[in-house]
Amino acid sequence: MRVTAIIAAAGAGRRLGATVPKQLLEIGGRSILARSVAAFDTHPSISDLVVVLPADLVADGAVLVGRTSRPVRFVAGGATRQQSVANAFDALDEGSELILVHDAARPFVSADVIARTIAAAEAHGAAIPGIDARDTVKRTVGSADGRVVAETVARDALVFAQTPQGFRRGILAKAVALGRSGNDATDEASLAERAGFAVHVVEGDAANVKITTEEDLTRARRRMEEGSLGRVGTGYDLHRLVDGRPLLLGGITIPAPRGAMGHSDADVVCHAATDAILGAAALGDIGRHFPDTDPAWKGASSLDLLARAAKMAGERHVIVNVDVTVVLEQPKIGPHLAAMQASVAGAIGIEPGRVSIKAKTNEGLDAVGRGEAIAAHAVALLKERP
Ligand code: MG
């Protein structure tokens with residue numbers, strides 16, 4: 001059976017205090033809309049998608065949603081939810097036999113909920129996921145500031161309806177027709193009920209929340225952050241110190257009697273930080289990506305290489321923080337640490353507060369202690385992008 005998913009994202013709701021519609025707000029680096037679309041685009045039972053957007057965003061639909069593996073059509077929504085779903089219904093391919101209607105504001109819908117809804121709609125004609133009411137439910141009378149309980153409703157029979165809601169095409173056609181003739185409803189199932197069809201309930205998922213308030217958004221973002229895995233990497237670098245070379249650290253030139261020798265600008269802070277970031281992302285090391293035998297990197301600034309490495313790692317990871325220790329006998333680099341921090345943070349693309357650079361001497365011991373070399377150690381923490 002050919003299954004099409006309609007993603008209802010036509011609401012211009014800015015009630016989350018944002019300047020963009022709420023479905024375009026990001027959670028863990030991806031918009032709510034893109035997450036909802038991806039949940040269906042990656043589901044093995046879905047053939048194609050229709051995404052309903054506010055009219056002024058339809059032309060940008062493909063950009064907003066990102067790359068998909070199934071065909072996606074974008075249609076403009078109407079003034080009400082009924083009109084929006086009706087517009088999507090009109091845009092359905094002739095071959096669509098079963099249609100799921102999903103609120104874009106539920107980006108955490110699971111593949112299991114989608115599969116259960118499809119199976120029940122296929123078997124019974126119409127199905128929705130629902131979760132049991134756990135709290136005691138009261139019906140009230142009066143206004144917001146003076147409500148009184150009129151009745152305690154028997155909880156056993158109650159479920160909270162979620163989406164996707166699944167319908168055989170003929171049933172959704174009747175529901176849409178009812179909506180078109182002015183019947184108001186907050187979901188498609190209630191129109192199907194009014195049209196006389198039995199809507200079956202399958203087990204929903206408490207994680208399939210609808211993001212409506214600022215609090216919902218904050219909670220969803222926190223959940224994403226906690227859920228993503230942290231990864232650490234270490235980096236180390238050492239260069240010989242020689243006369244007649246500048247001393248470059250973190251992209252900042254430090255006034256010094258001697259500088260670090262190397263094919264490159266020999267910036268040990270950037271080299272160690274680059275290796276720490278690449279290491280945390282399991283992407284190899286600086287020599288693999290920027291070999292000094294390759295003319296492309298001859299004379300390249302190490303700060304630029306650090307920026308490139310951060311971008312590479314950033315495709316799948318968020319860089320949380322970087323900590324660097326420079327080991328050098330002299331000069332004292334304390335006065336330059338803040339500038340180095342800002343410079344490194346700028347290259348990585350994170351706030352300066354997430355970069356730490358410290359200095360140590362080697363107490364006169366070994367080559368570093370004798371002032372023949374400079375070394376740096378670095379640690380980076382990355383988090384996988386959800
Ligand atoms: Mg080096």
Side-chain angles (χ1 to χ4, degrees), residues 231-314 319 321-334 336-337 339-350 354-362 365-382:
R231 306 176 56 120
V232 293
T234 73
Y236 170 75
D237 194 33
L238 178 141
H239 282 260
R240 195 181 284 275
L241 288 170
V242 292
D243 291 327
R245 287 268 300 184
L247 181 63
L248 210 65
L249 294 175
I252 304 292
T253 304
I254 313 287
R258 314 174 85 195
M261 190 174 86
H263 289 283
S264 65
D265 56 22
D267 185 330
V268 291
V269 169
C270 287
H271 292 180
T274 300
D275 269 358
I277 289 168
L278 290 173
L283 285 173
D285 68 359
I286 190 168
R288 177 173 132 198
H289 294 284
F290 316 110
D292 52 22
T293 51
D294 183 339
W297 309 118
K298 197 171 165 59
S301 123
S302 298
L303 199 64
D304 179 45
L305 301 187
L306 171 61
R308 286 168 187 268
K311 208 171 165 203
M312 255 182 253
I319 298 169
N321 76 309
V322 176
D323 181 28
V324 183
T325 302
V326 182
V327 194
L328 173 69
E329 288 304 298
Q330 57 164 331
K332 295 241 174 292
I333 59 170
H336 306 287
L337 293 177
M340 287 159 60
Q341 252 161 1
S343 162
V344 168
I348 297 173
I350 58 179
R354 292 176 183 264
V355 173
S356 149
I357 303 181
K358 320 182 295 297
K360 276 220 163 340
T361 72
N362 227 14
L365 295 166
D366 79 21
V368 172
R370 290 191 296 272
E372 296 167 14
I374 178 172
H377 302 263
V379 177
L381 175 67
L382 272 54

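Note that ligands are numbered from 1 as they come in the structure, with each ligand's atoms numbered from 1 the same way.
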* Could you pull out the closest heavy-atom pair between Arg245 and Ala266, with the gap in Å? => NH2-CB, 3.9 Å
* To do: Everything protein-side that's N, O or S and under 2.8 Å from the Mg ion (ligand 1): list it, residue and atom.
  => Asp237 OD1, Asp237 OD2, His239 NE2, His271 ND1
Run the side-chain donor-acceptor check on residues 276-286: report pairs under 3.5 Å with partners two or more places apart or on a different chain.
from: Asp285; atom 1: OD1; to: Gly287; atom 2: N; distance (Å): 3.3
from: Asp285; atom 1: OD1; to: Arg288; atom 2: N; distance (Å): 3.0

* Scan Lys360, Lys358, His377 and name whichever one has a side chain to side chain donor-acceptor pair (under 3.5 Å) with Thr325. => Lys358
* Quick one: closest heavy-atom pair of Leu306 and Val344, and the distance? => CD2-CG1, 3.9 Å
* Asked: Sub-3.5 Å donor-acceptor pair from the side chain of Gln341 to the main-chain atoms of Val355, do we have one?
  -> yes
* I would like to know whether Arg308 and His289 meet side chain to side chain contact (heavy atoms under 4.5 Å, CB included); could you show each step before the answer? => CA-CA 10 Å; Arg308 286 168 187 268; His289 294 284; over 6 Å; no
